[in-house]
**Q** 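Below you'll find the structure I mean.
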Amino acid sequence: MRIDSHQHFIDYRPEDYPWIGEQESILKQKFLPTDLKPLLDSIIFDGAIAVQARQMLQETEWLLTLADQYDFIKGVVGWVELSSPDVRQQLEAFSKNPKLRGVRHVIHDEPDDDFMLRDDFLRGLSILGEYGLTYDLLIFEKHLPNAIRLVERFPEQPFVVDHLAKPRISIGSIVEWSRNIKELAANDNVYCKLSGMVTEADMSVWNPEQFKPYMDVVFEAFGPDRLMIGSDWPVSLLSRDYQSVMNIVIHYADQLSAEDREKVLGDNCARFYGIV
């Protein structure tokens, strides 16, 4: 099974998507399952994981509704208010739908760089295992030291790092990121998504060779058993079309054995999110 491990659906309204500004005006429209399915078919992929793009309970409800309507949506990474005293009730309600496979919080937009280590957030995170849910780490490179502390605190909780923790590809910065991502990867409960690289590069002039050093690092750190391809569509459209973005990883994976290639292109994602 080949799976795009990271994409979003959008039904744009300004009040719901404050992160979409004038520089992202291409995203001020609808991006729905009927738009994604032909793109998956064009590269012979079987499905995708829908990841939250709004920090509201209605987002999780909407994504689960879409997943019930479209079989190719293999799982949902939703949002719950992990720092809320009511988080257990929220998890109880949403986890009744088996398509909910994980949750995420947009940590990199929090003013407090130590947000992920707050007691209320940690308390909510500690409950996820009771519901068999994974956690997507959406962070900047600067958050990696705290992420290391976080995952070490929860060795039984499955984590996946979105977008390689957003290394500063546009300026070729790699040394400190490399050191920290390798330390994070030393924890066996942490996976990494090969996604979001094009929006960390110069979005107008990149070429695939720019991403090779970063992929080399994460392949050395995580190995072929804990990496998964992801498009970050439609955000990736800020840079290039769907096929061009996915081909960065697909072509890189050509150097792998047939078994490891299929792991990266879908099997690892299916195992991590519990997709059958």
Side-chain angles (χ1 to χ4, degrees), residues 2-12 17 19-53 72-73 77 104 106 108-109 136 138-141 160-174 177 181 192-219 227-256 261 264-266 268-269:
R2 291 190 173 184
I3 306 171
D4 180 345
S5 73
H6 197 102
Q7 52 78 209
H8 310 283
F9 296 117
I10 292 175
D11 185 0
Y12 181 73
Y17 299 89
W19 57 272
I20 299 179
E22 287 308 308
Q23 290 185 321
E24 297 84 23
S25 59
I26 190 176
L27 301 179
K28 294 183 177 183
Q29 53 182 301
K30 291 184 178 183
F31 295 92
L32 300 175
T34 49
D35 301 308
L36 178 62
K37 185 61 165 64
L39 301 177
L40 292 168
D41 291 343
S42 73
I43 57 170
I44 319 176
F45 267 55
D46 303 289
I49 302 294
V51 180
Q52 62 85 215
F72 74 87
I73 303 174
V77 176
R104 185 177 83 154
V106 185
H108 68 36
D109 281 356
D136 271 52
L138 181 58
I139 56 176
F140 287 135
E141 174 186 335
V160 61
V161 183
D162 293 346
H163 315 329
L164 287 71
K166 297 199 168 187
R168 294 169 291 167
I169 299 172
S170 62
I171 60 172
S173 177
I174 196 170
W177 166 82
I181 202 77
C192 183
K193 291 184 179 181
L194 299 165
S195 59
M197 291 180 284
V198 296
T199 46
E200 300 308 312
D202 184 325
M203 290 192 286
S204 61
V205 297
W206 60 261
N207 65 75
E209 286 301 308
Q210 287 179 267
F211 307 114
K212 184 178 183 300
Y214 298 90
M215 288 193 285
D216 287 345
V217 167
V218 292
F219 268 89
L227 293 169
M228 57 186 85
I229 188 173
S231 67
D232 199 26
W233 177 91
V235 179
S236 56
L237 296 177
L238 296 170
S239 178
R240 295 286 168 87
D241 63 88
Y242 184 86
Q243 292 86 350
S244 296
V245 170
M246 290 291 274
N247 278 336
I248 295 169
V249 178
I250 291 171
H251 292 160
Y252 182 96
D254 285 341
Q255 65 188 297
L256 306 176
R261 190 170 191 267
V264 172
L265 299 185
N268 292 340
C269 177

**Q** Where is the tightest heavy-atom contact between Leu164 and Ile181, given as atom of each residue plus distance?
**A**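 Looking at all heavy atoms of both residues, the shortest contact is O-CD1, 4.1 Å.
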**Q** Do Asp254 and Arg261 have side chains that approach each other closer than 4.5 Å (heavy atoms only, starting at C-beta)?
**A** yes
**Q** Which atoms form the tightest heavy-atom contact between Met228 and Asn268, and what is the distance?
**A**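 Answer, listing the atom of Met228 first, then Asn268: CE-O, 4.2 Å.
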**Q** From Lys166 NZ over to Tyr214 OH, what is the distance, rounded to the nearest 0.5 angstrom?
**A** 15.0 Å
**Q** Quick one: CD on Gln52 to CG on Leu138, what's the gap to the nearest 0.5 Å?
**A** 7.5 Å
**Q** Look at the side chain of Thr199 and the backbone N and O of Gly196, then say whether any donor-acceptor pair between them is shorter than 3.5 Å.
**A**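 At least one qualifying donor-acceptor pair exists.
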**Q** Just by distance, do the side chain of Ser5 and the backbone of Ile229 share a donor-acceptor pair under 3.5 Å?
**A**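 Judged by distance alone, yes, a pair lies under 3.5 Å.
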**Q** Taking only residues two or more places apart in sequence, or in another chain, which ones meet Gln7 in a side chain to side chain contact (heavy atoms under 4.5 Å, CB included)?
**A**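 Asp4, Phe9, Leu36, Ala48, Ala50, Ser231, Trp233.
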**Q** Nearest 0.5 Å please: distance from the CD1 atom of Ile10 over to the NZ atom of Lys28.
**A** 12.0 Å
**Q** Can you find a pair of side-chain heavy atoms, one from Leu27 and one from Trp19, that are under 4.5 Å apart?
**A**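 Yes, their side chains come closer than 4.5 Å.
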**Q** Hey, what do you get for CG (Leu227) to CG (Leu265), rounding to the nearest 0.5 Å?
**A** 11.0 Å
**Q** Would a distance-only check, ignoring hydrogens and angles, find a side-chain to backbone donor-acceptor pair under 3.5 Å from Tyr17 to Asp11?
**A**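 Such a contact is found between Tyr17 side chain and Asp11 backbone.
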**Q** Could you pull out all residues at least two apart from Ser170 that satisfy side chain to side chain contact (heavy atoms under 4.5 Å, CB included)?
**A** none
**Q** If I compare all heavy atoms of Asp136 with all of Arg104, which pair ends up nearest, and what's the gap?
**A**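 Answer, listing the atom of Asp136 first, then Arg104: O-CG, 3.4 Å.
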**Q** If we ignore hydrogens and angles and just use 3.5 Å, is the side chain of His6 paired with the main-chain N or O of Asp232 as donor and acceptor?
**A** no
**Q** Where do Met197 and Ile169 come nearest, in terms of heavy atoms and distance?
**A**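 Closest approach of Met197 to Ile169: O-CD1, 3.8 Å.
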**Q** Heavy atoms, side chains only, cut-off 4.5 Å: are Arg2 and Leu40 in contact?
**A**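 The answer is no, as the side chains (C-beta and beyond) never meet within the 4.5 Å cut-off.
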**Q** First locate atom NZ of Lys212, then atom CD of Gln255, and finally report the distance between them rounded to the nearest 0.5 Å.
**A**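 Separation between the atoms: 6.5 Å.
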**Q** So how far is it from Asp162 CG to Leu194 CG, rounded to the nearest 0.5 Å?
**A** 11.5 Å
**Q** Above 12 or not: heavy atoms from other molecules or residues under 6.0 Å from CD of Gln23?
**A** no
**Q** What do you reckon, are the aromatic ring centroids of Phe219 and Tyr252 less than 6.0 Å apart?
**A** yes
**Q** Can you check side-chain contact (heavy atoms from CB on, under 4.5 Å) on Val198 and Phe211, steps first, answer last?
**A** CA-CA 8 Å; Val198 296; Phe211 307 114; 4.1 Å; yes
**Q** What closest approach, in Å, do Cys269 and Ile3 show between heavy atoms, and which atom pair accounts for it?
**A**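 Scanning both residues, the minimum pair turns out to be SG-CG2, 3.8 Å.
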**Q** With a 4.5 Å cut-off on side-chain heavy atoms, are Arg240 and Asn247 touching?
**A**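 SC-SC contact between Asn247 and Arg240 ruled out.
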**Q** What is the minimum heavy-atom distance between Ser244 and Trp206, and which atoms define it?
**A** O-CH2, 4.3 Å
**Q** Is the CD1 atom of Ile44 crowded by more than 12 outside heavy atoms at less than 6.0 Å?
**A** no
**Q** Taking the side chain as C-beta and beyond, is there a heavy-atom pair between Leu39 and Gln243 under 4.5 Å?
**A**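 They are in side-chain contact.
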